[in-house]
Asker: 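After the structure tokens below, expect a handful of questions from me.
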Amino acid sequence: MEEGRIEGIVERVVYQNAENGYAVIEISADGELHTVTGTMPAIEAGESIIAFGKWYDHPSFGMQFQAKTVERIRPQTVEAIYRYLCAGAIRGIGISTARKLVEAFGENTLEVMEKEPERVAALRGLNAKKAASWSEALMADNGMREMLLFLGRYGISPNEAVRIYKAFGASCLEKIEENPFCLCGEGLGIDFFRADSIAQMMERPQDFLGRIRAGILYVLRHNLGNGHTCLPREPLVQAAVRLLGVESDRIEEAIDDMKSLRILFARTFDHTEYLYLERYFEAEQFIADRIRFMKRYPAAPIFGIENYIRAIEESCGITYAQLQKEAIRRALGEGLLILTGGPGTGKTTTLQGIIRILKEKGETVLLAAPTGRAAKRMSELTGEEAKTLHRLLQAQWDEEDKPVFAKNEKNLLECDAMVVDEVSMVDMILFESLLKALPIGCRLILVGDSDQLPSVGPGNVLGDLIASKQIPTVALREVFRQAMKSLIVRNAHKIVSGEMPDLADRSSDFFFLPRKNAQDIAETVLSLCETRLPQAYGYNAMNEIQVLCPGRKGPLGTAELSIRLQNALNPAGEEKRELKIGSIVFREGDRVIQTKNNYQLAFERENGEHGEGIFNGDIGTLEKLDRRAGKALLKFDDKTATYDFEQMRELEPAYALTVHKSQGNEFEAVILPAYEYAPQLLYRNLLYTAVTRAKALMIIVGQEEILRRMIENDRKTRRFSGLGRLLEAEE
């Protein structure tokens with residue numbers, strides 16, 4: 001519907017959320033009563049408002065006005081002021097006190113109460129303490145009004161304004177006028193560019209110090225998204241110059257000031273200064289210190305390891321390779337181990353042996369992985385319960401919805417040994433949190449594939465730990481004869497070695513289907529998912545076949561392919577309810593993926609267990625949409641969660657995923673389009689990661705030349721981090 005406005009007096013506050021300011025009110029306008037919804041912090045009956053927004057026909061409550069912005073006007077008439085005070089707008093004022101006040105001061109009642117509390121205190125039955133508290137309440141309310149009007153001029157929504165007010169309190173206007181770039185602080189939801197636009201409207205100069213500092217912080221925070229925990233000084237300066245359009249000398253001066261104020265932190269490696277945000281500076285230092293401590297005070301060694309190894313070989317009818325035996329010896333003898341290797345190299349068999357011996361020795365062993373699917377697969381392979389790291393550490397959240405963990409240095413995990421799989425996916429902050437929760441003398445066994453992509457979050461934990469050469473590491477390279485029967489396994493090892501995969505062999509589980517253009521590739525991908533693979537192999541297209549793409553954009557990106565796959569695999573029908581959120585149409589039966597960690601989402605497991613937290617990368621099914629209640633029911637493996645429609649903005653269709661998003665998952669069948677994506681997405685590690693996501697069938701559709709380019713491009717994902725060098729320095 002078209003945008004409009006409505007003006008009237010608040011008759012009743014139906015609902016109000018004190019945390020975010022959202023309210024449902026009834027107002028009288030043009031002789032009728034209307035329902036208005038939106039962000040209206042501390043709204044009270046008796047106030048006059050002008051709301052801007054649009055009408056909406058709610059399925060349960062009928063026509064409502066959805067307000068984007070609300071201008072609040074203090075009541076002007078004696079009658080309106082009386083109603084305002086009677087409604088409980090100010091604590092401690094009831095009907096008789098309200099009557100006494102308006103009889104004494106008339107239309108000036110609110111102004112006298114705010115600015116001349118001594119006149120209020122002079123009235124019979126009242127006192128200075130009450131008058132002062134009412135004055136403070138009105139000043140605070142007036143400050144909120146002024147702030148909403150002030151920020152509204154700069155395009156800041158009431159919802160955002162409430163967050164800002166909660167962060168800065170009554171002095172927020174003074175803070176913003178002094179330095180508008182305080183708005184782009186963490187947790188406020190205002191990015192640097194919006195703050196910069198506001199600063200321009202306030203006519204702040206381009207070289208304003210607050211702007212330069214905010215720009216430097218923006219560059220560092222932005223690069224957290226690229227995986228960097230720090231940046232070398234020179235690239236940081238040049239990036240800030242391009243962003244801010246000021247001389248490099250001004251950037252250099254600001255960096256030095258920020259270091260002295262402990263806004264930025266610095267370390268020097270190989271004569272180069274690296275600059276950090278405080279959180280990542282501390283995380284790297286803690287990890288390095290804790291690993292040094294674990295090496296100095298290791299877990300008690302287990303003796304008679306050779307006897308245990310022989311007993312397992314005899315009882316299981318296996319023969320460990322020499323490197324597998326070495327891994328078992330070091331894990332049990334030194335208490336700290338990195339076990340790495342590609343598919344078919346015996347990581348799981350080795351790990352099973354380590355766990356078996358530990359349990360026979362009576363040790364408590366905990367198993368964990370970064371994602372739900374990786375933990376589930378770990379449980380299936382080892383026969384032991386594995387949890388996600390977030391669940392193991394009992395993730396909670398603070399007032400800013402940032403994760404905190406109940407398990408920490410003051411509330412340690414109860415275990416003698418900790419085994420973590422898929423460590424390549426673990427970022428710096430999560431690894432720090434894990435180490436904080438480990439008891440002294442606990443064994444730590446880290447398992448992963450160092451040739452896979454690094455974590456989505458900042459840091460390159462597995463790569464840095466291996467490169468430092470300070471932790472015992474066993475890299476399994478020999479592919480076992482049984483595994484060599486799989487062309488997926490053989491080709492994965494060819495790719496990581498820089499060789500072209502065997503594209504001619506069609507006798508096994510790896511197929512290449514040559515196609516020249518995007519349209520042909522897309523149609524082949526669709527037909528494979530819709531008919532060919534279900535008919536030939538009996539696969540369920542909705543949960544056993546996964547399309548993986550190097551990138552999101554273009555005709556063969558995840559965005560476009562997901563729409564086409566949704567229409568083919570889960571077409572619209574009268575029996576399926578739909579909901580459009582932004583540009584995405586969600587339909588009952590859809591395959592979806594969570595795109596950010598949500599620690600507050602409650603879920604119930606199939607065994608009746610309750611918990612909270614759906615995490616970035618969790619893949620599930622949209623089971624039910626309930627428009628009347630504004631809720632959606634989603635199933636993630638063994639967990640069922642209820643979302644409200646606003647929370648569904650954290651979901652995306654999962655018919656096609658980026659290779660990065662697929663980490664930690666394994667699918668029966670994987671289809672990968674090989675076409676012209678952005679050059680930075682066509683490299684060897686990405687192709688290797690995609691191929692190793694396939695459990696039983698891998699199909700590549702597209703151009704052989706693209707595969708050749710990916711394999712030849714052996715650029716490792718360069719991440720600036722000081723962890724490896726901190727570990728080396730400790731030695």
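What you see is a predicted model, and the numbers here were worked out from it, not measured in a lab.
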Asker: Any side-chain heavy atom of T345 sitting closer than 4.5 Å to one from H493?
Answerer: yes
Asker: Does the N411 side chain pair with the main chain of A406, one donor and one acceptor, at a distance under 3.5 Å?
Answerer: yes
Asker: Between atom CD1 of I357 and atom CD1 of I328, what is the distance when rounded to the nearest 0.5 Å?
Answerer: 5.5 Å
Asker: Parallel, tilted or perpendicular, judged at 30° and 60°: which one describes the rings of F615 and H390?
Answerer: parallel
Asker: Would you say that E650 contacts I614 through its side chain, given a criterion of any heavy-atom pair below 4.5 Å between the two side chains?
Answerer: no
Asker: Residues two or more places apart in sequence or in another chain: which of them pass ring pair (Phe, Tyr, Trp, His ring centres under 6.0 Å) with F511?
Answerer: none
Asker: Salt-bridged, K387 to E609, with N to O below 4.0 Å?
Answerer: no
Asker: Measuring only between side-chain heavy atoms, which start at C-beta, is I593 closer than 4.5 Å to I619?
Answerer: yes
Asker: Do V447 and M378 touch side chain to side chain, with heavy atoms closer than 4.5 Å?
Answerer: no
Asker: Go through the steps for E604 and T640 under the test side chain to side chain donor-acceptor pair (under 3.5 Å), then give the verdict.
Answerer: CA-CA 5 Å; E604 181 178 359; T640 301; over 6 Å; no
Asker: Any pair with a residue in residues 424-462 that passes ring-ring contact (aromatic ring centres under 6.0 Å, His included), sequence neighbours left out, goes on the list, sorted by first then second residue, please.
Answerer: none
Asker: Does the pair N713 and R684 meet the rule for a side-chain contact (heavy atoms from CB on, under 4.5 Å), with working shown?
Answerer: CA-CA 6 Å; N713 183 8; R684 187 187 299 174; over 6 Å; no
Asker: Would a 4.5 Å heavy-atom cut-off, applied to side chains only, mark R709 and Y683 as touching?
Answerer: no
Asker: Is the backbone N or O of A300 less than 3.5 Å from a side-chain atom of R443, with the two atoms forming a donor-acceptor pair by type?
Answerer: yes
Asker: Using the ring of each side chain (for Trp, its six-membered ring), is Y537 parallel, tilted or perpendicular to Y539, with breaks at 30° and 60°?
Answerer: parallel
Asker: Distance-only, no hydrogens or angles: does the T388 side chain make a donor-acceptor pair with backbone N or O of G372 under 3.5 Å?
Answerer: no
Asker: Can you see which heavy atom on P343 is nearest to which on V489, and at what distance?
Answerer: O-CG1, 3.5 Å
Asker: Walk me through it: do H228 and R719 pass the test side-chain contact (heavy atoms from CB on, under 4.5 Å)?
Answerer: CA-CA 5 Å; H228 306 303; R719 293 195 166 189; 4.2 Å; yes
Asker: Please identify each residue that fulfils side-chain hydrogen bond (donor to acceptor under 3.5 Å, both in side chains) with D509, with sequence neighbours left out.
Answerer: S486
Asker: Main chain of M542, side chain of R591: is a donor-acceptor contact present, judged purely on distance under 3.5 Å?
Answerer: yes
Asker: Which heavy atom of L533 sits nearest to which heavy atom of A669, and what is that distance?
Answerer: CD1-CB, 4.5 Å
Asker: Under 4.0 Å between a side-chain nitrogen and a carboxylate oxygen: does that hold for R329 and E306?
Answerer: yes
Asker: Check ring pair (Phe, Tyr, Trp, His ring centres under 6.0 Å) between F603 and all other residues, then give those that pass, not counting sequence neighbours.
Answerer: none
Asker: Taking all non-hydrogen atoms of both residues into account, name the closest pair between D451 and R477 and its distance.
Answerer: OD2-NH1, 3.6 Å
Asker: Could you tell me the separation between the CD1 atom of I309 and the CG atom of L332, rounded to the nearest 0.5 Å?
Answerer: 7.5 Å
Asker: The criterion is side chain to side chain contact (heavy atoms under 4.5 Å, CB included); which residues satisfy it with T658, sequence neighbours excluded?
Answerer: R552, T558, H660, K661
Asker: Is any side-chain heavy atom of L657 closer than 4.5 Å to a side-chain heavy atom of Q546?
Answerer: yes
Asker: Ignoring hydrogens and angles, tell me if any N or O in the side chain of E544 forms a donor-acceptor pair with the backbone of N540 under 3.5 Å.
Answerer: yes
Asker: Given side chains that start at C-beta, do those of Q663 and T689 come closer than 4.5 Å, heavy atoms only?
Answerer: yes
Asker: Search all heavy atoms of G457 against all heavy atoms of S455 and return the closest pair with its distance.
Answerer: O-OG, 2.9 Å
Asker: Where the side chain of S450 meets the backbone of G463, is there a donor-acceptor pair that is under 3.5 Å apart?
Answerer: no
Asker: If you measure from OH on Y677 to CG on L682, what distance do you get to the nearest 0.5 Å?
Answerer: 9.0 Å
Asker: Which side-chain hydrogen bond (donor to acceptor under 3.5 Å, both in side chains) pairs, counting each pair once, include a residue from residues 312-323, with sequence neighbours left out?
Answerer: S315-R356
Asker: How long is the span from the CZ atom in R506 to the CG atom in L503, to the nearest 0.5 Å?
Answerer: 9.5 Å
Asker: What pairs with F510 under ring pair (Phe, Tyr, Trp, His ring centres under 6.0 Å), at least two apart in sequence or on another chain?
Answerer: none
Asker: May I ask you to decide if L275's main-chain N or O and R233's side chain share a donor-acceptor pair within less than 3.5 Å?
Answerer: no
Asker: Is there a donor-acceptor contact under 3.5 Å linking the side chains of E284 and S721?
Answerer: yes
Asker: With side-chain contact (heavy atoms from CB on, under 4.5 Å) as the test, would you mind laying out the steps for E432 and L435 before giving the verdict?
Answerer: CA-CA 5 Å; E432 177 203 30; L435 292 184; 5.9 Å; no
Asker: Considering only residues two or more places apart or on different chains, which pairs with a residue in residues 662-672 satisfy salt bridge (Lys or Arg N to Asp or Glu O under 4.0 Å)?
Answerer: R377-E666, E668-K695
Asker: Let's go through K361 and D416 carefully: what are the C-alpha distance in whole Å and the side-chain angles of both, what is the deciding distance for salt bridge (Lys or Arg N to Asp or Glu O under 4.0 Å) to 0.1 Å, and is it a yes or a no?
Answerer: CA-CA 11 Å; K361 292 294 293 181; D416 302 301; over 6 Å; no
Asker: Kindly determine whether N223 and N226 satisfy side-chain contact (heavy atoms from CB on, under 4.5 Å), including the steps that lead there.
Answerer: CA-CA 5 Å; N223 276 282; N226 295 328; 3.2 Å; yes
Asker: To the closest 0.5 Å, what do you measure between CG (L438) and SG (C415)?
Answerer: 6.0 Å
Asker: Can you tell me how far the CG atom of N408 sits from the CG atom of L434, to the nearest 0.5 Å?
Answerer: 12.0 Å
Asker: Could I get the full list of side chain to side chain contact (heavy atoms under 4.5 Å, CB included) partners for E282, not counting sequence neighbours?
Answerer: E278
Asker: If we ignore angles and hydrogens, is there a donor and acceptor under 3.5 Å between the side chains of T350 and Q324?
Answerer: yes
Asker: Which residues satisfy the side chain to side chain contact (heavy atoms under 4.5 Å, CB included) test with N307, sequence neighbours excluded?
Answerer: R310
Asker: List the atom of S468, the atom of G724, and the distance in Å for their closest heavy-atom pair.
Answerer: CB-O, 3.6 Å
Asker: How would you list, by chain and number, every residue that makes a side chain to side chain contact (heavy atoms under 4.5 Å, CB included) with A467, sequence neighbours excluded?
Answerer: none
Asker: To check you understand the geometry: which heavy-atom pair defines the closest contact between L336 and P472, and what is its length?
Answerer: O-CG, 3.3 Å
Asker: Hey, is R373 close enough to D637 for a salt bridge, meaning N to O under 4.0 Å?
Answerer: yes
Asker: Residues in ring pair (Phe, Tyr, Trp, His ring centres under 6.0 Å) with F269, at least two apart?
Answerer: Y274
Asker: Indicate yes or no: at least one non-hydrogen side-chain atom of E384 is less than 4.5 angstrom from one of V365.
Answerer: no
Asker: Is D638 salt-bridged to K376, cutoff N-O under 4.0 Å?
Answerer: no
